[in-house]
Amino acid sequence: MPAVTADRPKDFIRDIIDADLAAGRHQKVVTRFPPEPNGYLHIGHAKSICLNFGIARDYGGVCHLRFDDTNPTTENVEYADAIMGDVRWLGFDWGDKLFYASDYYERLFELAVELIEKGLAYVCDLNEEQISDYRGTVTEPGRPSPFRDRSVAENLDLFRRMRAGEFPDGSRVLRAKIDMASPNMKLRDPLLYRIKHAHHYRSGDRWCIYPLYDFAHPLSDALEGITHSICTLEFENNRDIYDWLVEHLTLPARPHQYEFARLNLTYTVMSKRKLLQLVEEKRVHGWDDPRMPTLAGLRRRGVTPEALRAFATRVGVAKNNSTVELALFEHTLREDLNERSPRVLCVLDPLEVVIENYPEGQTETLEASFWPHDVPKEGSRKLPFGRRVYIDRSDFSENPPKDFFRLAPGREVRLRHAYVIRCERVVKDAAGTVTQLVCSYDPATRGGDAGARKVKGTIHWVSAEHAVDVEVRLYDRLFQVEMPGAAGSDPLADLNPGSLVTRAGCKAEPSLGAAAAGDRFQFEREGFFFVDPVASRAGAPVFNRTVGLKDSWAKAVQKAEPKAEARPAKPATPGPARAREALSPEAQALADRHGLSPEDARVLSEPGPLRKLFEAALALHANARGLAAWVVNELPAEARAGNPLPFGAPELAELVALIDDGTLSGALGKKVLAEMLTSGGSPKAIAERQGLKQIADPAALGPVVEQILAKNPDTVARYRSGNKNVLGALTGMVLKETRGQANPKLVTQLLLDKLG
RNA sequence: UCCGGCGUCGUCUAAAGGCAGGACAAGGGACUUUGAAUCCCUGAAUCAUGGUUCGAAUCCAUGCGCCGGAACCA
């Protein structure tokens, strides 16, 4: 079994797989990633891809890439191609396991025929509106279609003629015959096939009937021998159809569906529909706009597949509806980019500085490392320095706030890799805007070495004479609120107007003139940048800001002048629980007659299997309270629903008797019960077979307690220093040591005695 | 309202009846030729109420809250 590491995560799906493998239900794991080629993949899909392909990798299995292309009117090759490119870019390989639902059309048709022949499907002539009407509502059952009882022969004939193109679109459908009154609306005779005289991007005009997802998906899984079909939570209700189909049809395999929570991110929308709308309404510049959460957009923004995979691992896999903070993604991104991005200097908002004591016409070259000391990489470049340089406008303040380390009149600052300079004068235009700073430099600080002097601030700069002009695109979150479209509003109303700021004429150090498409840099003190592969020209790179650096100064400034930003209110906290309802007369009678707790009496007063079991056992062993406690608290939920138990009242009575006479402790009783639940049998026999007998002799337990205490000095120390919770842990250890046979009360007492 | 799913620090996620842990975020500090990175520290949670148990986030009951479900979409 694979060890859990950062890259080998553990989650409830892997737990299921572990159990399936251990039980021998499968020898090999086969998963699948099933996109529909009707849009671009986004970061939410990345989570699913990492899960499915990751499981295949971890368990030595395979993951299929299967296009769920059952809707000819929305799908096309461009999308399919883009999806394949994206999956590959993310770092996954499906080998020769590339499949299309559209390749199964013939076999799916045959399976539909089998269903009809079994009397489990029928052709329905109701129109769309009628079907919806007949379906009922969530609270009212549906009504059977008038076509529900057509003969097999007629259904077969009609279905074949549907295929032959004899009927117009929408005139007929094939439906499964399941249950029009099912509380699960998905089971109210779901549609299997619809007529669509439409050209399909792969099957062309060969078909005019197309299967629906609920039919095509489980069957495709079965045909491919998928073992674990993993999808998102909104398909939970569809699982019943899934199971119904794979159980009623003749198929080579019996796959199972499991659902996990899809990824949501703050300041982002993830629905395909909304994303499509952003593109179609030109709110962004296409699917690969770097502000989009699509893989194409993220890639163009400069996000790496490694960062995406690490992120997928970090967010985990569970069934909670969850929204991950964008900050976690940004952190994961910076973590990855930090290691791979050479440091360079680029001034985004240039302000000219003239160094008045630096000789006119002189230029010198400084050596500057590409890497900070804590990134274990080598390499440097030459940085020209001259009398005129640019610094960033935000690195100067005429009236510096408290703790401002940068340049201000009369103050010193270090130019990264160069010299310490002092601001001597400020030059302004008629409007009062600062246009130039006149500074002096200290020749003794060459290379940035300030000697004994303490210079708190270091800023980036570029030689004016040597700077190359570049375009920089500063991307920010696409939406300005955490939950775009919350409370049913239009998310597009929450678009961040500042999500893209394009800055031409940024001053970059000369080495950047040669930057090639796809290169990554850190502009020191600014952020991580990526050379846009689309907009860049040879010698004229365009830099996309992938993500800014963390900026604790900006945070401090923001805190100083707090802006009210209302966080969306937490969902209402539950009010006080309602007062306990009075016991019903039957329950009260039961409680009085047997001395039961009100809680147990209430449960047992309900007529049902529990009640019967209790009464039958009571006739055999006269301990009502004990029996009630076991029946009410320890029997699984299925027993309540009336599923037959592998044992009956005599065994239950025997179990409680064993506990009452001290042969078994409660804990041992539970062990025995677990065995009874799986394979039935007499508790006495089970206890004997497993050699379970309560140990309640202090002389026998004393040494074990000593031993555990001696082996766990740390835990003992924690107990002595006040953590009384560890008493339970120690009790647990003693219990484990005795295979659960020690009497826990006695153990606790012994422990207490020894610990003082 | 019916069916299904889910409720653990602000967020995401662990803990298979036995020490409620980790990460991000937050706050503080050290270091610093990037107000970055790194390192250290702090605060911060089991939806509620009952029950079972030596011991409950975990089992049982009741309630509350949130999400999904009535496409010829997937």
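Both backbone and side-chain heavy atoms feed into the values below; hydrogens, waters and symmetry mates do not. Per chain, numbering begins at 1; letters A, B, ... match sequence-line order.
Contact annotation for A:Tyr719: no contact, since no heavy-atom pair falls under 4.0 Å across all strands. When heavy atoms are screened at a 4.0 angstrom cut-off, A:Asn238 is found touching base atoms of the nucleic acid. Nucleic acid contact for A:Glu36: sugar-phosphate only, since backbone atoms but no base atoms lie under 4.0 Å from a heavy atom of the residue. No engagement by A:Glu140 is indicated, since no non-hydrogen atom pair under 4.0 Å with the nucleic acid exists. The residue A:Asp403 sits close to a base: some heavy atom pair falls under 4.0 Å. Among the protein residues, A:Asn237 comes within range of the nucleic acid bases, having at least one heavy atom under 4.0 Å from a base atom. A:Arg334 comes within contact range of no nucleotide atom at all, as no heavy-atom separation falls under 4.0 Å. Using a 4.0 Å heavy-atom criterion, one finds that A:Leu326 contacts no nucleic acid atom at all. Counting any heavy atom pair closer than 4.0 Å across all strands shown, A:Asp15 reaches no nucleic acid atom. Using a 4.0 Å heavy-atom cutoff across all strands shown, A:Val173 reaches at least one base atom of the nucleic acid. Across all strands, A:Gly170 comes closer than 4.0 Å to base atoms (heavy-atom distances). Within 4.0 Å of A:Tyr419, counting heavy atoms only, lies no atom of the nucleic acid at all.
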Could you walk me through whether A:Arg194 and A:Leu212 pass side chain to side chain contact (heavy atoms under 4.5 Å, CB included), step by step?
-> CA-CA 7 Å; A:Arg194 77 286 221 188; A:Leu212 282 121; 3.7 Å; yes

Take A:Asp442 and A:Arg453 through the salt bridge (charged side-chain N to carboxylate O under 4.0 Å, His left out) test and state the conclusion after the steps.
-> CA-CA 12 Å; A:Asp442 178 354; A:Arg453 200 161 12 157; 2.3 Å; yes

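Base pairing of B:rA37 is not made with any nucleotide, judged by Watson-Crick or G-U wobble geometry with both donor-acceptor distances under 3.5 Å. Across all strands shown, B:rA44 remains unpaired; no Watson-Crick or G-U wobble contact has both distances below 3.5 Å. Across the strands present, B:rC72 finds no partner; the criterion is a Watson-Crick or G-U wobble pair with both atom distances under 3.5 angstrom. Checking B:rG4 for Watson-Crick or G-U wobble geometry (two distances, each under 3.5 Å) identifies B:rC67 as its partner. With a 3.5 Å ceiling on both atom-pair distances, the Watson-Crick or G-U wobble partner of B:rA23 is B:rU11. Remark: B:rU58 base-pairs with no nucleotide in the shown strands. Criterion, Watson-Crick or G-U wobble with two distances under 3.5 Å.
Listed nucleotides B:rG68, B:rC12, B:rG27 differ in distance to A:Lys559; the shortest reach to its side chain belongs to B:rG27. Distance from the side chain of A:Asp68 is smallest for B:rA74 among the nucleotides B:rG27, B:rG10, B:rA74.
Applying the 4.0 Å criterion to OP1 and OP2 of B:rC24, one finds that A:His331 has a side-chain N or O inside that range. Contact check, A:Ser322 against B:rU13: a side-chain N or O comes under 4.0 Å of OP1 or OP2. At B:rG35, none of the side-chain N or O atoms of A:Thr458 fall inside 4.0 Å of OP1 or OP2 (strictly under the cut-off). Here A:Arg262 does not reach the OP1 or OP2 of B:rC6: none of its side-chain N or O atoms lies under 4.0 Å away. Put simply, A:Lys319 has no side-chain N or O that comes within less than 4.0 Å of OP1 or OP2 on B:rG68. The shortest distance between the side-chain N/O atoms of A:Lys456 and the OP1/OP2 oxygens of B:rU32 is not below 4.0 Å. The side chain of A:Arg314 places no N or O atom within less than 4.0 Å of a non-bridging phosphate oxygen (OP1 or OP2) of B:rG22. Dashed line: the shortest gap from a side-chain N or O of A:Asn127 to OP1 or OP2 of B:rC72 is not under 4.0 Å. Distances shorter than 4.0 Å separate some side-chain N or O of A:Arg135 from OP1 or OP2 on B:rC72. Regarding contacts with the backbone of B:rC24, every side-chain N or O of A:Thr332 stays at 4.0 angstrom or more from both OP1 and OP2. Taking side-chain N and O atoms only, A:Asn320 has a distance below 4.0 Å to OP1 or OP2 of B:rU8.
Evaluation of atom-type donor-acceptor distances gives no pair under 3.5 Å for the side chain of A:Arg239 against the base of B:rG4. One can find a donor-acceptor pair under 3.5 Å joining the base of B:rU34 and the side-chain atoms of A:Arg343. No donor-acceptor contact under 3.5 Å links the side chain of A:Glu236 to the base of B:rG69.
Contact between A:Arg611 and A:Leu604 at its shortest, heavy atoms only, is CD-O, 2.9 Å. A pairwise comparison of heavy atoms in A:Gly740 and A:Ser665 identifies O-OG, 4.1 Å as the closest pair. Looking at every heavy atom in both residues, A:Thr445 comes nearest to A:Val420 through OG1-N, 2.9 Å.
Relative to the ring axis of A:Phe167, A:Arg172 places its NZ or CZ within 45° and under 6.0 Å from the centre. Remark: A:Lys456 is positioned above the aromatic ring of A:Phe405, its terminal NZ or CZ atom under 6.0 angstrom from the ring centre and at most 45 degrees off the axis. A:Lys724 forms a cation-pi arrangement with A:Tyr719, by the criterion of a distance under 6.0 Å to the ring centre and an angle within 45° of the ring axis.
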Let me have a per-nucleotide readout for nucleotides 53-60 of chain B, 5' to 3', with B, S or -, counting only protein heavy atoms under 4.0 Å.
-> -B----SB

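Aromatic rings of A:Phe235 and A:Tyr213 (six-membered ring for Trp) have centroids within the 6.0 Å cut-off, being under it. A:Tyr419 has its ring centre less than 6.0 Å from the ring centre of A:Phe385.
Side-chain contact between A:Phe215 and A:Leu191 is absent, with no heavy-atom pair separated by less than 4.5 Å.
A donor and an acceptor atom, one from each side chain of A:Arg32 and A:Ser229, are located under 3.5 Å apart. At a cut-off of 3.5 Å, with distance as the only test, a side-chain donor of A:Gln257 or A:Glu259 sits close to an acceptor on the other residue.
Rounded to whole Å, the separation between the C1' atoms of B:rA25 and B:rC67 comes to 25 Å.
If you measure from atom CD1 of A:Ile241 to atom P of B:rC3, you get 19 Å, rounded to the nearest angstrom. Computed from coordinates, the A:Leu549 CG to B:rU34 C1' distance equals 7 Å when rounded to whole Å. If you take CD of A:Glu129 and C1' of B:rA71, they are 14 Å apart, rounded to a whole angstrom. Rounded to whole angstrom, the span from the CZ atom of A:Phe260 across to the P atom of B:rC12 amounts to 16 Å.
Interface residues of residues 181-189 of chain A facing RNA chain B, ordered by number: A:Pro183, A:Met185, A:Lys186; criterion, heavy-atom separation under 4.0 Å.
Residue ring and base: A:Trp553 counts as stacked with B:rG35 (centre distance below 5.5 Å, interplanar angle below 30°).
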